[in-house]
Trainee: 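Shown below is the structure under consideration.
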Amino acid sequence: MLWSALRHLLWVLLLLFILTLLSFAILMRDPLNATLITDNIFTGYLHYLGALLQGDFGITYNGGQSLSALIFTVLPPTLELCFSALFLAFILSIPLGILSAVNNQGVFSKTLQSLAYVGLSIPIFWLAPILLYMAAIYGWEISATGQYNLLYEIQPITGFPVIDVWFVDVPYRTKIVQSVLQHLALPTLVLCILPTMEIIRIIQQRAEYILQQNYAKVAITRGWSKWKILQKYVFRNTFPLLVPQITRVFTLVITQCMLVETVLGWPGIGRWLIDAVTAQDYNSISAGMIVLGICIITVDTLAKIIMFILDPFNKKGWYER
């Protein structure tokens with residue numbers, strides 16, 4: 001256990017070191033930053049690393065604002081969108097995956113499997129504007145851009161409007177809650193397509209593999225029902241394996257979130273970074289890459305902690321319990 005924790009800590013430190021090197025290289029793309037290094041590039045990197053350890057990302061050239069304050073403004077909307085999409089994906093994919101596993105040779109399972117591959121190949125930058133156009137044409141309530149109607153005012157307590165809205169003390173708070181949820185619905189639906197189809201595919205493949213094992217075949221000969229086999233063997237050997245996939249799915253969602261934010265006017269870090277690239281604001285690009293990398297590393301660490309709690313000895317077969 002101790003060796004595993006130390007190994008993961010060393011791996012995290014190595015990733016952070018590589019992140020800082022890439023971030024510093026991007027920072028040096030700006031001629032003004034390059035001229036500020038009076039001694040040598042190694043000393044400049046050490047000064048940059050010391051500033052990062054103090055939480056100082058510098059300032060943005062597009063307005064001269066502090067990057068630390070800007071990041072705490074644009075990061076929560078992106079995390080809110082990613083976590084809501086992942087939450088909806090788990091709600092939809094687990095029941096559908098279970099139903100598909102119950103009848104893995106039926107029409108429903110084959111159709112769902114085909115839809116899963118189609119959903120994984122749909123480009124988000126193409127689907128998002130089409131859904132926004134259809135929502136506007138047919139008068140859907142979710143045809144909205146941004147986080148909420150600008151007529152309303154929500155004090156940024158946590159930075160997440162879906163949470164901060166409950167602290168608003170006005171008579172029309174219900175309308176504000178409705179506006180926040182309506183604006184959140186369309187980007188969440190678009191972003192949840194890929195993780196939903198990915199999780200369904202994992203559950204289907206794992207269930208088919210387990211049902212071909214000898215212990216599952218022996219259970220069938222004993223007269224066990226398919227539901228009992230699923231509950232005893234399939235679920236126990238499938239759901240824990242979804243935990244290590246959280247990091248990869250979160251990475252895919254947060255990268256697609258950058259495109260969705262641009263299309264739907266969501267004020268998140270993805271849209272902010274794309275604007276920084278357009279303006280060639282290397283300070284903002286460097287800081288944004290560091291923050292996104294830390295978010296992914298944090299999610300990966302949490303997933304490994306959860307996996308260790310569920311399976312301390314990293315058993316190959318959960319059915320042995």
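By convention here, the first residue in the shown sequence is residue 1. No hydrogens, no waters, no symmetry mates; every other heavy atom, side chains included, goes into these values. Worth saying up front: this structure is predicted, and the values here are computed from it rather than measured.
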Trainee: Check A276 against S284 and note the closest heavy-atom contact, atom names and distance.
Mentor: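 Result for this residue pair: CB-CB, 3.7 Å.
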
Trainee: Who pairs with D164 by salt bridge (Lys or Arg N to Asp or Glu O under 4.0 Å), at least two apart in sequence or on another chain?
Mentor: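 Residues passing salt bridge (Lys or Arg N to Asp or Glu O under 4.0 Å) with D164: none at all.
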
Trainee: By side chain to side chain donor-acceptor pair (under 3.5 Å), which residues pair with T301, not counting sequence neighbours?
Mentor: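 Checked T301 against side chain to side chain donor-acceptor pair (under 3.5 Å); matches are H8.
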
Trainee: For a 4.5 angstrom cut-off between non-hydrogen side-chain atoms, does R271 reach W266?
Mentor: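 No. Closest side-chain heavy atoms not under 4.5 Å.
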
Trainee: Which heavy atom of C192 sits nearest to which heavy atom of A85, and what is that distance?
Mentor: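 Minimum heavy-atom separation between C192 and A85: CB-O, 3.4 Å.
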
Trainee: Where is the tightest heavy-atom contact between P187 and L81, given as atom of each residue plus distance?
Mentor: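 Taking P187 first and L81 second, the nearest heavy atoms are CB-CD1, 3.5 Å.
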
Trainee: Does T60 reach the main-chain N or O of S66 with its side chain, forming a donor-acceptor pair under 3.5 Å?
Mentor: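 Pair absent, no side-chain N/O of T60 close to backbone of S66.
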
Trainee: Nearest heavy-atom pair of L19 and G293: which atoms, and what distance?
Mentor: CD1-CA, 3.7 Å

Trainee: Taking the side chain as everything from C-beta on, heavy atoms only, tell me whether T73 gets closer than 4.5 Å to W272.
Mentor: no

Trainee: Between the side chain of S179 and the main-chain N/O of K175, is any donor-acceptor distance below 3.5 Å?
Mentor: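 It does not hold such a pair.
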
Trainee: With S84, which residues qualify under side chain to side chain donor-acceptor pair (under 3.5 Å), at least two apart?
Mentor: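 S84: side chain to side chain donor-acceptor pair (under 3.5 Å) contacts with T188.
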
Trainee: Who passes salt bridge (Lys or Arg N to Asp or Glu O under 4.0 Å) against R248, sequence neighbours left out?
Mentor: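 If we apply the salt bridge (Lys or Arg N to Asp or Glu O under 4.0 Å) test to R248, skipping adjacent residues, the hits are E198.
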
Trainee: Side chains of L273 and M258: closer than 4.5 Å at any heavy-atom pair?
Mentor: yes

Trainee: Of all residues at least two apart in sequence or in a different chain, which pass the side chain to side chain donor-acceptor pair (under 3.5 Å) check with S23?
Mentor: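 If we apply the side chain to side chain donor-acceptor pair (under 3.5 Å) test to S23, skipping adjacent residues, the hits are Y48, S286.
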
Trainee: Is the closest side-chain heavy-atom distance between Q65 and I59 below 4.5 Å?
Mentor: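 No; the side chains remain at least 4.5 Å from each other.
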
Trainee: Which residues pass the side chain to side chain donor-acceptor pair (under 3.5 Å) test with Q54, not counting sequence neighbours?
Mentor: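 Q54 satisfies side chain to side chain donor-acceptor pair (under 3.5 Å) with no other residue.
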
Trainee: Which atom names give the shortest non-hydrogen contact between P76 and F160, and what distance separates them?
Mentor: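 Smallest interatomic distance, heavy atoms only, reads O-CE2, 3.2 Å.
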
Trainee: So, for L67 and A287, which heavy atoms are closest and what is the spacing to 0.1 Å?
Mentor: CD1-CB, 4.0 Å

Trainee: Show your working on salt bridge (charged side-chain N to carboxylate O under 4.0 Å, His left out) between R173 and D169 and close with a plain yes or no.
Mentor: CA-CA 7 Å; R173 188 177 67 177; D169 188 15; over 6 Å; no

Trainee: Counting C-beta onward and ignoring hydrogens, is there a side-chain heavy-atom pair between F83 and V162 closer than 4.5 Å?
Mentor: no

Trainee: Do side-chain atoms of R29 reach the backbone of Y282 as a donor and acceptor pair under 3.5 angstrom?
Mentor: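 No; judged by distance alone, with no hydrogens or angles, the pair does not exist.
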
Trainee: Between L49 and F24, is a side chain to side chain contact (heavy atoms under 4.5 Å, CB included) present by the stated rule, with each step listed?
Mentor: CA-CA 9 Å; L49 190 60; F24 183 72; over 6 Å; no

